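Report on the following structure.
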Amino acid sequence: MTTSQLILKRHSVLPGFSLALGYSLLYLALLVLIPLSATFLKTFTLTWPEFWTEVSSPRVVASYKLTFGASLLAALINAVFGTLVAWVLVRYRFPGQRVIDAIVDLPFALPTAVAGIALTAVYAENGWLGAPLAALGIKVAFTPLGVLVALIFIGLPFVVRTVQPVLEDMERELEEAAHSLGASSVQAFARVILPTIMPALLTGFTLAFARAAGEYGSVIFIAGNIPMVSEITPLIIITKLEQFDYAGATAVAVVMLVVSFVLLFMINALQGWTRRRHAQERAV
Amino acid sequence: MTTAALHLPSRITRRKAIPWAPIALTTLALAYLALLLLVPLAAVFVEALRKGAAYYFRAIAEPDAWSAIKLTLLAAGIAVPLNLIFGVAAAWAIAKFDFRGKTLLISLIDLPFSVSPVIAGLIYILLFGLQGWFGTWLSDHDIRIVFAVPGIVLATMFVTFPFVARELIPLMQAQGREEEEAAVVLGAKGWQTFWRVTLPNVKWGVLYGVILCNARAMGEFGAVSVVSGHIRGETNTLPLHVEILYNEYNFAAAFACASLLAFLALVTLVIKAVVEHRYLKERK
């Protein structure tokens, strides 16, 4: 009881605090925290120059450029089209709307390996979309463009699902006032709506980027995995593991983990901003 | 106010007369969703049935496919209940009590979402692999964790860790504490309060979290791929089985197994939509 009194800020009549918190912390530590720290400790078996050689070899650097470049581009495309989809779902009524609303979450529900082979079949040179694109001279499957398509697919729901609730809660008075004062629809969107949804939009963008950077299953089938051209960083880790180069795999993994933690930190800050903005508006 | 009220009706009727912008935006959004989501989804089922229904059912009924299905069910059957118990315990502690480090704990729970699935597999190899921390001890005692079923279960638990908790925490925070406090003051025991007061309030949230957790558990590819060792009929889950068939150029069989997972995804989306609908209805 003394320990729970130490961390509790306020006494509560409700029971079960020690048990619930203790169990949660134990489970979190055993399953997540201890295994993750093992990764960082493993890199200490390398000297600094060895670590640097591992994480800065040309093939690995090429994979960072592809992984983070394609993830950034995919997240940008999702930011634009995600906002469009959220807007259409909130503001307009059309037949089959509920089905479309539900299908937006398909990339969350569909296993990544299934998404990977399906996208490859569709975008291969003899595929439904690959054939017409190939006729135009655009090769998608087995090129960096294929990586981009897969990352757009898996990142699609994030922006929609973060922007949608903000649009639903948005007061229309401001927008209507802008219209009545003579603003065009584009002006009203840029000056009134966009600033309101911006925190949510940035959160969705960062979530989509973080997910894309670590993505493996949906990418490897369509990427072609050509070293220096279409090889993503998670695949580099797997290749090193298969060659029993555990230290090398861990070094690259630590680079990715550091990037993920920075992104997680940003997402938390952005979500805090969204909530505060939301609360302010509700108060007004 | 009066000017706005005077101007608005005419504007709205004028815009309703020719709603070109809504029509164009809706068409664009639907075309984007159709190309990106529906075409690949349809491709899964078309490719699966390419060699006919008889071939399809043979591919699914094959012994290796069956053992893959059984392993997938086993991994989800262990991971989902454990993460459910954790999610409820963590949400109880976080939502019903004020304690130091709460914000940090919430961030740590989200951690597995920001870690690449490949790294989620890697961390268990670093702990339990032959070169890992416990590797020698485990091999001395003839216990296999990685490249065996326990590793697959662990990796699945890691990637699905936050699902239930992150649904329940905001929901239980929004519910407040008054009802539970009243129950306890009136003499209810801890478990009674939980079963009779808390659980009925959050049952849709629990179901929602469990469904998403289960979809991810059954579909996980990257993390499981790293720790599985890919032993046919022994350590292959259904997504891994799909990959093996695909890499053997047995496309029809690969898509037949993939169609089971795609079907699971569709069922997940339907249940999710129903749960959301019910929840909104009850709140009203």
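Keep in mind the model is a prediction, meaning the values are calculated, not measured.
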| task | Pick whichever of F194(B), Y32(B), F255(B), F221(B) has the most heavy-atom pairs under 4.5 Å with chain A. | result | Y32(B)

| Taking the six-membered ring for Trp, is the centroid-to-centroid distance between F45(B) and F263(B) below 6.0 Å? | no

| Which one of L119(A), D101(A), L241(A) has the most heavy-atom pairs closer than 4.5 Å to chain B? | L241(A)

| message | Could you tell me if the side chain of P112(B) sits less than 4.5 Å from the side chain of V159(B), heavy atoms only? | response | no

| How many angstroms lie between atom SG of C213(B) and atom CG of N83(B), to the nearest 0.5 angstrom? | 5.0 Å

| said: So for F221(A), is it side chain, backbone, both, or neither that comes closer than 4.5 Å to the heavy atoms of chain B? | reply: side chain

| request: Look only at the side chain of K240(A) and the backbone of G248(A), and say whether a donor-acceptor pair between them is shorter than 3.5 Å. | output: no

| request: Test side-chain contact (heavy atoms from CB on, under 4.5 Å) on I109(B) and I94(B) and set out the steps. | output: CA-CA 11 Å; I109(B) 289 174; I94(B) 288 170; 4.0 Å; yes

| task | Answer with side chain, backbone, both or neither: which region of L235(A) has an atom nearer than 4.5 Å to a non-hydrogen atom of chain B? | result | neither

| query | Checking L89(A) against chain B: side chain, backbone, both or neither under 4.5 Å from a heavy atom? | reply | neither

| Taking G217(A), P35(A), S37(A) one by one, which has the highest count of heavy-atom pairs under 4.5 Å against chain B? | P35(A)

| request: Measure from the ring center of F147(B) to the ring center of Y124(B) and say whether it is less than 6.0 Å. | output: no

| query | What residue, out of M157(B), E276(B), M218(B), K189(B), has the most heavy-atom pairs lying under 4.5 Å from chain A? | reply | M157(B)

| Most chain A-contacting option - heavy-atom pairs closer than 4.5 Å, from F99(B), W191(B), F97(B) | F97(B)

| said: Quick check on K272(B) against chain A: is it the side chain, the backbone, both or neither that has a heavy atom closer than 4.5 Å? | reply: side chain

| A120(B) to F158(B) - nearest heavy-atom pair and separation | CB-CD2, 3.3 Å

| said: We want to know whether W87(A) and Y92(A) form a side-chain donor-acceptor pair, criterion being a heavy-atom distance below 3.5 angstrom. | reply: yes

| message | Counting heavy-atom pairs under 4.5 Å with chain A, which one of L35(B), T103(B), L111(B), V226(B) comes out on top? | response | L111(B)

| request: Spell out, as yes or no, whether a donor-acceptor pair under 3.5 Å connects the side chain of E220(B) to the backbone of A223(B). | output: yes

| note | Applying a strict 4.5 Å limit to non-hydrogen atoms, the region of L33(B) in contact with chain A is side chain

| request: List the steps and the verdict of side-chain contact (heavy atoms from CB on, under 4.5 Å) for T203(A) and F158(A). | output: CA-CA 9 Å; T203(A) 308; F158(A) 290 100; over 6 Å; no

| task | Can you tell which part of T233(A) gets under 4.5 Å to a heavy atom of chain B, answering side chain, backbone, both or neither? | result | neither

| Heavy-atom contact with chain A under 4.5 Å, split by part of L154(B) | both

| Side chain / backbone / both / neither for A183(B) at chain A, heavy atoms under 4.5 Å | neither

| said: With a 6.0 Å cut-off (strictly less than), is the heavy-atom count around CZ of F244(A), excluding the residue itself, greater than 12? | reply: no

| query | Side chain of S63(A), backbone of I232(A): donor and acceptor closer than 3.5 Å? | reply | no

| task | For side-chain contact (heavy atoms from CB on, under 4.5 Å), just list the numbers for H179(A) and S185(A), CA-CA rounded to whole Å, side-chain angles, deciding distance to a tenth of an Å, and then say yes or no. | result | CA-CA 7 Å; H179(A) 276 303; S185(A) 298; 3.8 Å; yes

| said: Salt bridge or not between E175(A) and R91(A)? Use side-chain N to carboxylate O under 4.0 Å. | reply: yes

| note | If one checks every heavy atom of V39(B) against chain A at 4.5 Å, the contacting part turns out to be both

| Under a 4.0 Å N-O cut-off, is there an ion pair linking E180(B) with R177(B)? | no

| Hey, which of P40(B), S114(B), S107(B) has the most heavy atom pairs under 4.5 Å with chain A? | S114(B)

| field | Pairs of heavy atoms under 4.5 Å with chain B: top-ranked of L106(A), L25(A), I238(A) | value | L106(A)

| message | Is L127(B) close to chain A through its backbone or its side chain, or both, or neither, when contacts mean heavy atoms under 4.5 Å? | response | side chain

| Aromatic ring pairing F68(A)/F209(A), orientation class (parallel under 30°, perpendicular over 60°, tilted between) | tilted

| message | I'd like to know if the side chain of N250(B) and the backbone of L245(B) have a donor-acceptor N/O pair within less than 3.5 Å. | response | no

| message | Quick check on the interface: out of F153(A), F265(A), Y246(A), Y23(A), who has the most heavy-atom pairs with chain B under 4.5 Å? | response | Y246(A)

| Portion of D105(A) that has a non-hydrogen atom of chain B nearer than 4.5 angstrom | both

| Of the listed residues (L19(A), I103(A), L26(A), L263(A)), which shares the most heavy-atom pairs with chain B below a 4.5 Å separation? | I103(A)

| field | Portion of V104(A) that has a non-hydrogen atom of chain B nearer than 4.5 angstrom | value | both

| Interchain contact, V88(B) with chain A, by part (heavy-atom threshold 4.5 Å) | neither

| message | Between L82(B) and chain A, with a heavy-atom cut-off of 4.5 Å, which part of the residue counts as in contact: side chain, backbone, both or neither? | response | both

| request: Among L28(A), I117(A), T39(A), single out the residue with the greatest number of heavy-atom pairs under 4.5 Å to chain B. | output: I117(A)

| query | Is chain B contacted by the side chain of A210(A), its backbone, both, or neither, given a heavy-atom distance below 4.5 Å? | reply | neither

| query | Does a side-chain heavy-atom distance below 4.5 Å link V46(B) with W128(A)? | reply | yes

| query | In terms of heavy-atom proximity below 4.5 Å to chain B, should T112(A) be classed as side chain, backbone, both, or neither? | reply | both

| query | Under a 4.5 Å heavy-atom cut-off, does chain B meet the side chain of L129(A), its backbone, both or neither? | reply | side chain

| remark: Honestly, the part of I119(B) sitting under 4.5 Å from a heavy atom of chain A is side chain

| remark: When the 4.5 angstrom heavy-atom criterion is applied to L126(B) and chain A, the contacting part is side chain

| field | Max heavy-atom pair count under 4.5 Å with chain A, selected residue of V267(B), L122(B), V242(B) | value | L122(B)

| query | Relative to chain B, which segment of I152(A) carries a heavy atom at a distance below 4.5 Å: side chain, backbone, both, or neither? | reply | both

| field | Distance in Å, T250(A) OG1 paired with I237(A) CD1, rounded so as to fall on 0.5 Å steps | value | 8.5 Å

| Toward chain A, the part of L38(B) with a non-hydrogen atom under 4.5 Å | side chain

